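This one's a predicted model, so the numbers in the text were calculated from it and none came from an experiment. Computed from heavy atoms alone, side chains included, the values below leave out hydrogens, waters and symmetry copies.
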There are 2 protein chains.
Amino acid sequence: MPRHSVRDVIVETALREFHRIGFAACSVDTITRAAGVPKGSFYNHFKSKEDLAVEVVAKYTAEAEWNSVIDPELTPLEKLRAQFRIMGDVLVGNGYTRGCMIGNMGEELADHSEPMRAQVRASLGGWAEGISATLRAAREAGETSTDADLDVLGRYILDAWEGALLRSKVVKNDQPLDDFFSTVFGQLLR
Amino acid sequence: MPRHSVRDVIVETALREFHRIGFAACSVDTITRAAGVPKGSFYNHFKSKEDLAVEVVAKYTAEAEWNSVIDPELTPLEKLRAQFRIMGDVLVGNGYTRGCMIGNMGEELADHSEPMRAQVRASLGGWAEGISATLRAAREAGETSTDADLDVLGRYILDAWEGALLRSKVVKNDQPLDDFFSTVFGQLLR
DNA sequence: CCGGCCAAGACGACTAGTCATATTGGAGGG
DNA sequence: CCCTCCAATATGACTAGTCGTCTTGGCCGG
């Protein structure tokens, strides 16, 4: 049991720290110190820092706040809006820093780490498919009259979200998120 | 003159190398080796690696392929499409690596370097304004019937571009760019 | 001679990962 | 039940670099 729990502490801590400062700036030492775990123990649980990061992205993908929107009273588009809203609230709560963990890792490591590129690809792919599924429900419910291919649109909306988060880190105000919401829900999906 | 030329060689080389592998992965040694310049000379011209990177982003912004689209025969929307197309061709030509230099730097450094955050902010801001100006010309020419606020739309389109380039690095195929073009020109701007 | 510019190599901080040693837990025997 | 031994696991000092930056000596020109 203790070994299992130490491992989990490392993953949880790494998730927080990688998101806070990014992969390159976050050393194994930083993680283990923050986790209160001896540095030498790290390699009992993870083959490398890269392996840990891949696992962290998988965990984040499964547990992101996105998944916490489960109110059955919401229409499909209301649900989609709530999902993006809650993710945006996290960004704002962090003072417009950190952006999106998945996008950050893709940006930083896609050209350098094949396991990470594969993980980010899977994470973004699954996320976009979820958006497209919600769009299909919205279309069936008569919530949107768009004639766009909904798989294309789901992916595109996610791209726009990643870009908006990036710009939020840069301008440090609400404008990118406001632009996103008004364009996606006010133009593309009406 | 020689100092000026060495300095320029460093900037040109840095532009290439920073874009190829990103800020953190690109050491001063990497740049000076590639430039054929003694490493010790570097600090005669630049206060720091960060200062160089800021200057590189400014230079890239001024000289990106985006600016090379000047055919007066093109309608505003044709011009906009050509501008994005030529930028996309660079990505494809590099095997779907590198993404967008400005976005990359913003991603990697916005939370760590204030001068870089300011530069990326200026670069993205200017770029988005250019897009919005083209959209206004398109509206006046009757090319688009969108009723969106064109300043909002310009910024949003640029966000979507950044996100599409990120995803291109991850999936390494044409899908993100295709999604971008069909949604922006097939949905938002028709 | 003096001042300014150049650049080689030194400097100190930091990194991911290793490994010799310490610790712990489980199994077997009395 | 207790004790001993052994194997597996834990750990912190260490290794072998890399890094950005600085210092100092040399060179050149006025």
Side-chain angles (χ1 to χ4, degrees), chain A residues 1-57 104-105 108-117 119, chain B residues 1-57 104-105 108-117 119:
Chain A
M1 259 315 183
R3 191 182 68 173
H4 181 67
S5 150
V6 167
R7 193 181 195 283
D8 286 351
V9 170
I10 292 176
V11 174
E12 293 284 349
T13 307
L15 193 153
R16 208 170 58 238
E17 295 298 310
F18 278 141
H19 200 187
R20 186 171 66 88
I21 57 179
F23 181 82
C26 181
S27 64
V28 170
D29 199 43
T30 298
I31 295 166
T32 51
R33 279 176 193 273
V37 172
K39 187 181 175 215
S41 302
F42 180 89
Y43 295 95
N44 290 326
H45 304 288
F46 303 97
K47 180 161 171 292
S48 65
K49 180 182 167 188
E50 177 189 14
D51 276 13
L52 169 64
V54 171
E55 185 166 329
V56 160
V57 171
N104 295 346
M105 290 289 188
E108 212 174 335
L109 295 171
D111 286 346
H112 301 285
S113 159
E114 191 54 31
M116 180 58 86
R117 188 177 75 82
Q119 177 61 57
Chain B
M1 259 311 185
R3 191 184 69 171
H4 181 67
S5 151
V6 168
R7 195 182 193 283
D8 286 350
V9 170
I10 292 177
V11 174
E12 293 284 351
T13 307
L15 194 155
R16 207 169 59 235
E17 295 299 310
F18 278 139
H19 200 184
R20 187 171 65 88
I21 56 179
F23 182 81
C26 180
S27 64
V28 169
D29 197 44
T30 298
I31 296 165
T32 51
R33 279 176 193 274
V37 173
K39 190 182 177 195
S41 302
F42 182 88
Y43 294 93
N44 293 324
H45 305 288
F46 302 98
K47 181 162 171 291
S48 66
K49 181 182 169 190
E50 178 188 15
D51 276 11
L52 169 64
V54 171
E55 184 168 329
V56 160
V57 170
N104 295 347
M105 290 291 188
E108 213 176 332
L109 294 172
D111 287 347
H112 300 286
S113 157
E114 191 55 32
M116 179 57 86
R117 187 178 73 84
Q119 177 60 60

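In this structure, NE2 of H45(A) is placed 16 Å from C1' of dT18(C), rounded to the nearest angstrom. Regarding F46(B), its CZ atom lies at a distance of 16 Å from the C1' atom of dA7(C), rounded to whole Å. Note: CG (D29(B)) to C1' (dA8(C)) measures 13 Å, nearest angstrom. Look at CD1 on I31(B): it is 17 Å from C1' on dA7(C), rounded to the nearest Å.
Within the 3.5 Å criterion, the main-chain N or O of I21(B) finds a donor-acceptor partner in the side chain of H112(A). Not a single donor-acceptor pair under 3.5 Å links the side chain of E50(B) to the backbone N or O of M116(B). Proximity of a side-chain donor or acceptor of E108(A) to a complementary backbone N or O of A24(A) within less than 3.5 Å is detected.
Not one side-chain nitrogen or oxygen of S41(B) sits closer than 4.0 Å to the OP1 or OP2 atom of dC6(C). Residue S27(A) has a polar side-chain atom (N or O) positioned under 4.0 Å from OP1 or OP2 of dT15(C).
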Return the polar atom pairs (N/O with N/O) between nucleotides 21-25 of chain D and the protein under 3.5 Å, or none.
residue: dT21(D); atom: OP2; partner: Y43(B); partner atom: OH; Å: 3.0
residue: dT21(D); atom: OP2; partner: K49(B); partner atom: N; Å: 3.0

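Contact of the I31(B) side chain with the F18(B) side chain is registered, since non-hydrogen atoms from C-beta on lie closer than 4.5 Å.
Rounded to the nearest 0.5 angstrom, T13(B) OG1 and D8(B) CG are separated by 10.0 Å.
Under the 3.5 Å distance criterion, with hydrogens and angles disregarded, no donor-acceptor pair is assigned to the side chains of T30(B) and E17(B).
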